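Here is the structure we will look at, set down as structure tokens.
Values below: every heavy atom of this structure, side chains too, minus hydrogens, waters and symmetry copies. Just so it is clear, the structure is predicted and the values come from calculations on it, not from any experiment. In listed order, ligands and their atoms are each counted from 1.
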Amino acid sequence: MNEIVQQIFQGIVDGQQDLVAESVDMALQAGVPARTILDEGMLAAMAEVGRLFEEGECYVPEMLTSARAMKAGLAKLQPSLKETDVQSAGKVAIGTVKGDLHDMGKNLVRMMLEGAGFTVKDLGVDVSPETFVAAADEVDVIGLSALLTTTMGQMKNTLDALDAAGKRPKVKVIVGGAPVTEDFAHRIGADGYAADASRAVALAKSLISPSA
Ligand code: B1M
């Protein structure tokens, strides 16, 4: 692994916000592709933090400082993830479902959608089905993110609420997040599942313009 990318990886694992932000700047200046920084530095580091947590080698406060360090790095990376001069590709409302406070994946999907020309309304975290329903009239696609097995059920609740409010025919619903699978998406009646942010963009595009 490139030395600066390794520094970003370790900085996130250790929760060093300033170091991560500076290292991302340095990596970009040195010509390291934004995708390499994201995939090999940042996402790999968060996976490592998850592994350490699972094995009892780190706890919630450490996960939180790692998340803050990743956020500091993402803020630096965001402009490089955006394409230039892109037309609006459609409107998306995105949020992390009720009971779930994880926002990094959702933020990444939002950034990539914006980079691809979508207008995105970010509903935040711990978003109730009612809030998604209220946003449905303004957008073409609703994106639901969940990181906990215990909150995945809120995706189904949100789909049910959209259905009950008569909004389901006019809006496409896509789902994603670490515990979510294609099969789960199918079972709850979502319009699509994406394993990562790039695939979420491709999915949203294909749902809005099926021939694209
Ligand atoms: Co939490 N946490 N956490 N956590 N956390 C996980 C998810 C966990 C897997 C860790 C572990 O045990 N290995 C575990 C869940 C276990 C389970 O449910 N099976 C867990 C747990 C247990 C918890 C708490 C319950 C811990 C506790 O309090 N005892 C608690 C729950 C709080 C709550 O939400 N109510 C909790 C809290 C936290 C923090 C607040 C400390 C912090 C979050 C900070 C924040 O987000 N602002 C945190 C973190 C950082 C993690 C890990 C380490 C990293 C998550 C992350 O940011 N990944 C995580 C372990 C892991 O995932 N390996 C873990 C980076 C992010 C870019 O990836 O979100 O997967 P991800 O997004 C990906 C894809 O999933 C996809 O695209 C992204 C990549 O391109 N994607 C979508 C995501 N959303 C999408 C939507 C789409 C499409 C694709 O369409 C709409």
Handout entry: CE on Met26 to CG on Leu19, rounded to 0.5 Å
Key =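 Between Leu19 CG and Met26 CE, I get 8.5 Å after rounding to 0.5 Å.
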Suppose I only count heavy atoms of [X] and a 4.0 Å limit; which atoms of ligand 1 are within that range?
X	answer
Leu64	40 (C), 41 (C)
Ala197	77 (O), 80 (O)
Asp100	34 (O)

Protein heavy-atom partner closest to [atom] - residue, atom, separation in Å:
atom	answer
atom 33 (C) of ligand 1	Leu101 N, 3.5 Å
atom 82 (C) of ligand 1	Gly177 N, 3.5 Å
atom 51 (C) of ligand 1	Met63 SD, 3.4 Å
atom 12 (O) of ligand 1	Phe53 CD2, 3.3 Å

Contact (N/O only, under 3.5 Å) between [X] and ligand 1:
X	value
Gly50	yes
Ala178	yes
Gly99	yes
Asp196	no
Arg51	no
Thr150	no

Can you give the donor-acceptor pairs under 3.5 Å from side chains of residues 28-35 to other protein atoms, not counting sequence neighbours?
{"from": "Arg35", "atom 1": "NH1", "to": "Ser198", "atom 2": "OG", "distance (Å)": "2.8"}
{"from": "Arg35", "atom 1": "NH2", "to": "Asp39", "atom 2": "OD1", "distance (Å)": "3.3"}

Handout entry: Counterpart residues, side-chain hydrogen bond (donor to acceptor under 3.5 Å, both in side chains), relative to Asp100 (two or more places apart)
Key =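 side-chain hydrogen bond (donor to acceptor under 3.5 Å, both in side chains) list for Asp100, sorted by chain: His102, Thr151.
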Exercise for the section: Would you check whether Pro179 reaches within less than 4.0 Å of ligand 1, judged by its heavy atoms? Expected result: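 False for this residue.
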Practice task
Please determine if Arg168 and Asp191 form a salt bridge, counting it only when a charged side-chain N lies under 4.0 Å from a carboxylate O.
Solution key: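 Salt bridge between Arg168 and Asp191, a charged N being under 4.0 Å from a carboxylate O: yes.
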Handout entry: SB check Lys167 Asp137 (cutoff 4.0 Å)
Key =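 Here Lys167 pairs with Asp137 in a salt bridge, since their nearest N and O are under 4.0 Å apart.
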Handout entry: Nearest candidate to atom 91 (C) of ligand 1, where distance is taken over non-hydrogen atoms, out of Val173, Leu108, Leu144, Leu52
Key =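 It is Leu144 whose heavy atom sits nearest to atom 91 (C) of ligand 1.
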